[in-house]
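What you are looking at is a predicted structure, and each value in this text was computed from that prediction instead of being measured. Here is the naming used below: chain letters follow the sequence lines, and residue numbers restart at 1 for every chain.
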There are 2 protein chains.
Amino acid sequence: MVIEAELLADEVGLANISLAALAERLGVKVPSLYKHVDGLPALHRLVEVRAKSEIADVLARATVGRSRDDALDALAFAYRDWARRHPGRYEATVTAPSADDPSSMEASGRAVGVMFDALAGYGLTGDDAIDATRSFRAAIHGFIALEAVGGFGMPRDVDLTFRRLVAALRLSLGEWSRVSA
Amino acid sequence: MVIEAELLADEVGLANISLAALAERLGVKVPSLYKHVDGLPALHRLVEVRAKSEIADVLARATVGRSRDDALDALAFAYRDWARRHPGRYEATVTAPSADDPSSMEASGRAVGVMFDALAGYGLTGDDAIDATRSFRAAIHGFIALEAVGGFGMPRDVDLTFRRLVAALRLSLGEWSRVSA
DNA sequence: CAGCTTTAGCTAAGTAGATTAGCTTTACGG
DNA sequence: CCGTAAAGCTAATCTACTTAGCTAAAGCTG
């Protein structure tokens with residue numbers, strides 16, 4: 001059932017999933033859904049946790065055996081790729097973890113952890129590593145988000161811009177300790 | 001009335017504004033709102049266009065008389081600053097322009113135009129300039145968005161990370177032509 | 001096997017928000 | 001003074017979410 005909700009989210013956007021549409025797809029009446037999930041907010045939480053966990057797996061798989069620039073590239077391209085193939089689920093990954101839900105916290109932490117570890121391969125530690133992780137995430141997420149809403153209107157191949165952005169990140173992270181405010 | 005909708009959006013999030021809440025604030029019954037705006041989607045469009053126009057003004061004002069690194073810094077800090085002070089309106093700026101609405105197209109174009117012009121000060125033209133603008137926007141937007149959802153959980157001053165991100169952008173844009181995929 | 005229990009469906013009913021239709025009041029210009 | 005436009009209102013409809021309580025089937029359990 002969550003599976004169908006995820007497919008629906010990918011098709012219509014996370015914010016537009018409704019129990020009505022989900023029930024229709026499953027060939028079931030709306031109230032029956034309450035036997036499986038505790039209302040719309042709970043469904044959102046389910047999708048959120050599963051999506052975070054899924055992207056953590058994807059990123060982890062993409063970076064095994066790689067380091068530095070190689071790991072950075074793999075991370076960036078796997079990230080965008082997954083986001084484009086699963087837009088609704090991707091939206092769900094960009095959500096504050098519910099502090100009261102341990103599974104949510106765990107899933108959030110794991111996804112960030114993969115990035116953190118990959119970037120640690122640049123020899124970054126402490127605040128440097130945190131800043132690098134945050135900046136990497138920000139750049140990639142921003143790109144994905146703007147691309148998803150059709151924010152890149154100018155006549156220029158978006159894939160090429162993305163490669164350029166990743167190259168810029170490589171450059172910056174390569175001399176991160178010299179990148180100071 | 002749009003003003004009140006904007007304040008409401010800033011308080012509860014763009015997605016959570018409702019005609020019911022807006023009417024309550026204005027001390028008016030819900031159907032009365034239809035004398036001023038043609039339904040909830042139309043209200044969203046109004047807020048969107050005004051927000052885009054407002055941020056274009058803010059960015060333009062921030063960059064007058066500045067160039068290169070100086071302009072980049074001013075742009076980045078003004079951007080984040082405005083976004084933090086007006087979270088709901090900021091969300092509204094990150095919306096595909098409705099191709100059928102000229103005012104929306106105009107407002108979108110103006111905001112991007114300011115950034116484009118500021119970055120053109122680095123001597124960038126053509127695809128270089130487009131890539132630079134897109135990358136800059138992506139990085140800043142991603143940071144703002146993650147910050148807004150509470151995505152930066154680690155114990156590290158977020159302001160400092162932002163300064164670092166801007167420094168990285170300065171570095172990359174400074175040698176943008178050498179940043180190739 | 002008979003009976004109990006769990007599961008997963010259902011209908012009915014209530015609530016909230018958006019929307020439309022149509023009425024009333026008020027202010028203002030001619 | 002009168003007509004009209006602006007801005008409010010109530011009543012009613014629609015869609016979506018939610019809860020309560022019923023029922024049938026499947027699966028144990030003695």
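- Cation-pi geometry between B:R80 and B:F162 is met: the NZ or CZ atom falls under 6.0 Å from the ring centre, inside 45° of the normal.
- More than 12 heavy atoms of other residues, nucleotides or ligands lie within 6.0 Å of CG in A:D57, so this atom counts as buried by the packing criterion.
- Under the salt bridge (Lys or Arg N to Asp or Glu O under 4.0 Å) criterion, B:D101 pairs with no residue at all, not counting sequence neighbours.
- Hydrophobic clustering (ILVMFWY, side-chain heavy atoms < 4.5 Å, transitive): A:M105 and A:V94 are in distinct clusters.
- As a whole-Å value, the separation of A:L22 CG from D:dT15 C1' is 17 Å.
- Other residues, nucleotides and ligands contribute over 12 non-hydrogen atoms within 6.0 Å of the CG atom of A:D81.
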For nucleotides 8-27 of chain C, 5' to 3', base contacts (B), sugar-phosphate-only contacts (S) and non-contacts (-) with protein non-hydrogen atoms under 4.0 Å give BBBBB----SSBB-------
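- Nucleotide D:dC9 holds its P atom 11 Å from the CG atom of B:L26, rounded to whole Å.
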